[in-house]
Amino acid sequence: MSLIVEKYGGTSVGSIERINAVAEKVSKSHHQGNQMVVVVSAMSGETNRLLDMAKEINPGMPARETDVLVSTGEQVTIALLCMALMRIGHKAKSYTGGQVRIETDGSYGRARIRSIDDSRIKKDLDKGKIIVVAGFQGVDNKGNITTLGRGGSDTSAVALAAALKADECRIYTDVDGVYTADPRIVPEARRMDMVTFEEMLELSSQGAKVLQIRSVEFAGKYKVPLRVLSSFEDGPGTLISYEVDRKMERAVIAGIAHNADEAKLTITGVPDHPGIAHAILGSIAEKMINVDMIIQNIAADETTDFTFTVPRTDYENALAILNKVSVELGARGVTGDNNIAKISVVGVGMRSHTGVADLMFATLAEEGINIKMISTSEIKVSVVIDDKYTELAVRALHKAFKLGEKK
Ligand code: ADP
Ligand code: ASP
Ligand code: MG
């Protein structure tokens, strides 16, 4: 008997009708002789609705209470799905994150899973029950409710699959797999049968929200067999592969990701001496703000300009910190831009092929799109551009790299 973890996202459980359809799908997998653990998200739009209410009542959004609030979305869907499963004759039982005991650290809104106690779930599985677990949530070691960051139900599912040593983890969503670019932006985007773990990690970290980055990290760490599928239609989906087969090596670029959730900050004319990078970024890190791209330029007058990007939600905070640091360091000033987007081309084939960055820059130049920042890794080239050009850039690059063509 196989143990399967299936995760259904917001759109997949977005209405009573959809929840019934999920119950049917889960029932089918169960009838095939599998033990089933199902992770669900809140109904689509619900997490945003709850966050909007929190903001309206207290713009400061006290972190602990915000997590108590937003975790309720998933509590609704676990109960409804269990009821639907029971109606069609199954034994089913819902668990909140705390009831499983998915233990996380205490960072509200972006908690990391530390451990999972699988003992209760295992006992119930052995009794033939279908287990339905609330995604996105856990508890810290004091029992406070925490949430795992937007899109966190993916991570709940993969972490549970790892803890239970599941035979497969299936992420059911509103697209039928991982595409060469966001199919909402590029109609010609192509579903990949397989994507390497490394590429998926990079695509997710560069903004392809089909899988939350932490879920991919977990999958890699515990080698969880992971597949992305549609909850609306049958199909093979996309397998996340841990082996690079030769055919995949030939595809230089796997896909393009975009991220319009960042902002850029620059501190100019900083007197250049050892320790300034630490002085600038240390003060940002102290406030738990993640820095992504970093560029430092030395000018002829021995001062330096220092530019970096942060999540857009942290922009105002980072700007305030930087203004203070600027005075302390005797810098010329601070500028910022929160209308940027990062576009990345990703592929393991870049290791053995040259010219990727050049084709990327040439394509953007042809479209008249100015590049504000560049960063590269072994399997990725990212550029920061004006966010109004996001769709144009992604479409043009998709075409230039011929990603719509069958490999
Ligand atoms: P769920 O609610 O099921 O978790 P999400 O909205 O979080 O669904 O993720 C699915 C969405 O991810 C798709 O609707 C699609 O617009 C977007 N997406 C972005 N990049 C990609 C990609 N490369 N392949 C597939 N989907 C992508
Ligand atoms: N409901 C949460 C969100 O909207 C978690 C998830 O859907 O994965 O971010
Ligand atoms: Mg998601």
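Treat the numbers as computed from the prediction; the structure is a model and nothing was measured. For ligands, and for the atoms within them, numbers begin at 1 and follow the listed sequence.
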For this session: Heavy-atom distances under 4.0 Å are what count here, so tell me which part of A257 touches ligand 1: side chain, backbone, both or neither.
Result: neither
Exercise. Any side-chain heavy atom of V383 sitting closer than 4.5 Å to one from F361?
Worked result: yes
Problem set entry | Residue pair L211 / I240, side-chain heavy-atom distance below 4.5 Å | yes
Problem set entry | For R150, the ligand 2 atoms whose distance to one of its heavy atoms is below 4.0 Å | 3 (C), 4 (O), 9 (O)
Seminar exercise, completed: Nearest non-hydrogen protein atom to atom 4 (O) of ligand 1, with distance, is K7 NZ, 3.0 Å
Problem set entry | Selection from K7, E46, E74, M43 by shortest heavy-atom distance to atom 1 (N) of ligand 2 | E74
For this session: Could you tell me whether some N/O pair between T11 and ligand 1 is separated by less than 3.5 angstrom?
Result: no
Problem set entry | Closest protein heavy atom to atom 2 (O) of ligand 1, given as residue, atom name and distance to 0.1 Å | G10 N, 3.1 Å
Exercise. For ligand 1, which atoms, with element, lie under 4.0 Å from some heavy atom of V178?
Worked result: 24 (N)
Problem set entry | Charged N-O contact under 4.0 Å between E367 and K399 | no
For this session: Provide, to 0.1 Å, the distance between atom 23 (N) of ligand 1 and the closest protein heavy atom, together with that atom's residue and name.
Result: Y179 O, 3.0 Å
Exercise. For ligand 1, which atoms, with element, lie under 4.0 Å from some heavy atom of A208?
Worked result: 20 (N)
Exercise. With a 4.0 Å cut-off, would you call D174 and R184 a salt bridge?
Worked result: yes
Exercise. Closer than 4.0 angstrom: is that true for some heavy atom of S12 and an atom of ligand 1?
Worked result: no
Problem set entry | Contact (N/O only, under 3.5 Å) between T47 and ligand 2 | yes
Seminar exercise, completed: Residue, atom and distance of the protein heavy atom nearest atom 25 (C) of ligand 1 read G177 O, 3.4 Å
Exercise. Considering only heavy atoms from C-beta outward, does the side chain of D140 approach that of Y108 to under 4.5 Å?
Worked result: yes
For this session: Under the salt bridge (Lys or Arg N to Asp or Glu O under 4.0 Å) rule, what do D387 and R312 come out as? Steps first, then yes or no, please.
Result: CA-CA 12 Å; D387 67 357; R312 206 177 275 188; 3.3 Å; yes
Problem set entry | Plane angle bin for H30 and H90 - parallel if under 30°, tilted between 30 and 60°, otherwise perpendicular | perpendicular
For this session: Write out the residue and atom name of the closest protein heavy atom to atom 7 (O) of ligand 1, then the distance separating them to 0.1 Å.
Result: K209 O, 3.6 Å
For this session: Return the option from D154, D174, V394, D182 holding the heavy atom at the smallest distance from atom 20 (N) of ligand 1.
Result: D182
Problem set entry | Single hit among E6, K7, K25, R18 for side chain to side chain donor-acceptor pair (under 3.5 Å) with S231 | R18
Problem set entry | Approximate separation, where rounding is to 0.5 Å, of T104 OG1 and R112 CZ | 11.5 Å
Exercise. Does the N or O separation between R184 and ligand 1 drop below 3.5 Å for any pair?
Worked result: yes
Exercise. Quick one: does ligand 1 sit under 4.0 Å from the side chain of V175, the backbone, both or neither, non-hydrogen atoms only?
Worked result: side chain
Problem set entry | Nearest-0.5 Å distance that lies between atom CZ in R170 and atom CE in M36 | 6.0 Å
Problem set entry | Verdict with reasoning, K221 to E217, per salt bridge (Lys or Arg N to Asp or Glu O under 4.0 Å) | CA-CA 6 Å; K221 190 164 171 198; E217 287 168 359; over 6 Å; no
Exercise. Is the closest N or O pair between G151 and ligand 2 shorter than 3.5 Å?
Worked result: yes
Exercise. Less than 4.0 Å between a side-chain N and a carboxylate O, is that true for D124 and K122?
Worked result: no
For this session: Give the residue, atom name and distance (to 0.1 Å) of the protein heavy atom nearest atom 7 (O) of ligand 2.
Result: S41 OG, 3.0 Å
Seminar exercise, completed: shortest atom 3 (O) of ligand 1-to-protein heavy-atom contact is with T173 OG1, 2.6 Å
Exercise. Within less than 4.0 angstrom of ligand 2, does G9 place any heavy atom?
Worked result: no
